[in-house]
Amino acid sequence: MDWQVLENPERLYKEFRFPDFREALAFADRVGALAEEKGHHPRLTVEWGRVAVEWWTHTAGGVTEKDREMARLTDGLYTP
């Protein structure tokens, strides 16, 4: 998995690239639907051609196995 581990708070971070804003937004919508289904929500930053996704568990103060699972599932939603 090519997710970075960032600090303060510890979190998994990855940028996904797209050819335009419409496709970036559609990906963010898919991630949002996954988050609702699993009851675990990321930080999403959507820009033209790019979506940054960050997973961590506030109550744990960092990354948990649930965050790793969500990162793997997020990867599965990406179709470049």
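Index from 1, following the sequence.
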Salt-bridge present (R72, E69; N to O < 4.0 Å): no
Using a 4.5 Å cut-off on heavy atoms from C-beta on, say whether the side chain of [Y] contacts that of [X].
{"X": "V5", "Y": "W56", "result": "no"}
{"X": "F18", "Y": "L25", "result": "no"}
{"X": "M70", "Y": "V31", "result": "no"}
{"X": "R30", "Y": "T79", "result": "yes"}
{"X": "T45", "Y": "R50", "result": "yes"}

Sidechain-backbone polar pair: R11 side chain, E7 backbone, donor-acceptor under 3.5 Å: yes
Sidechain-backbone polar pair: E10 side chain, V63 backbone, donor-acceptor under 3.5 Å: yes
Geometric class of the F27/Y78 ring pair [parallel <30°, tilted 30-60°, perpendicular >60°]: perpendicular
Residue pair D67 / G62: nearest heavy atoms and the distance that separates them: OD2-O, 3.6 Å
Distance-minimising heavy-atom pair for A24 and V51: O-CG2, 3.2 Å
Criterion side-chain hydrogen bond (donor to acceptor under 3.5 Å, both in side chains) on T74 and W3, from CA distance to verdict: CA-CA 11 Å; T74 301; W3 289 74; over 6 Å; no
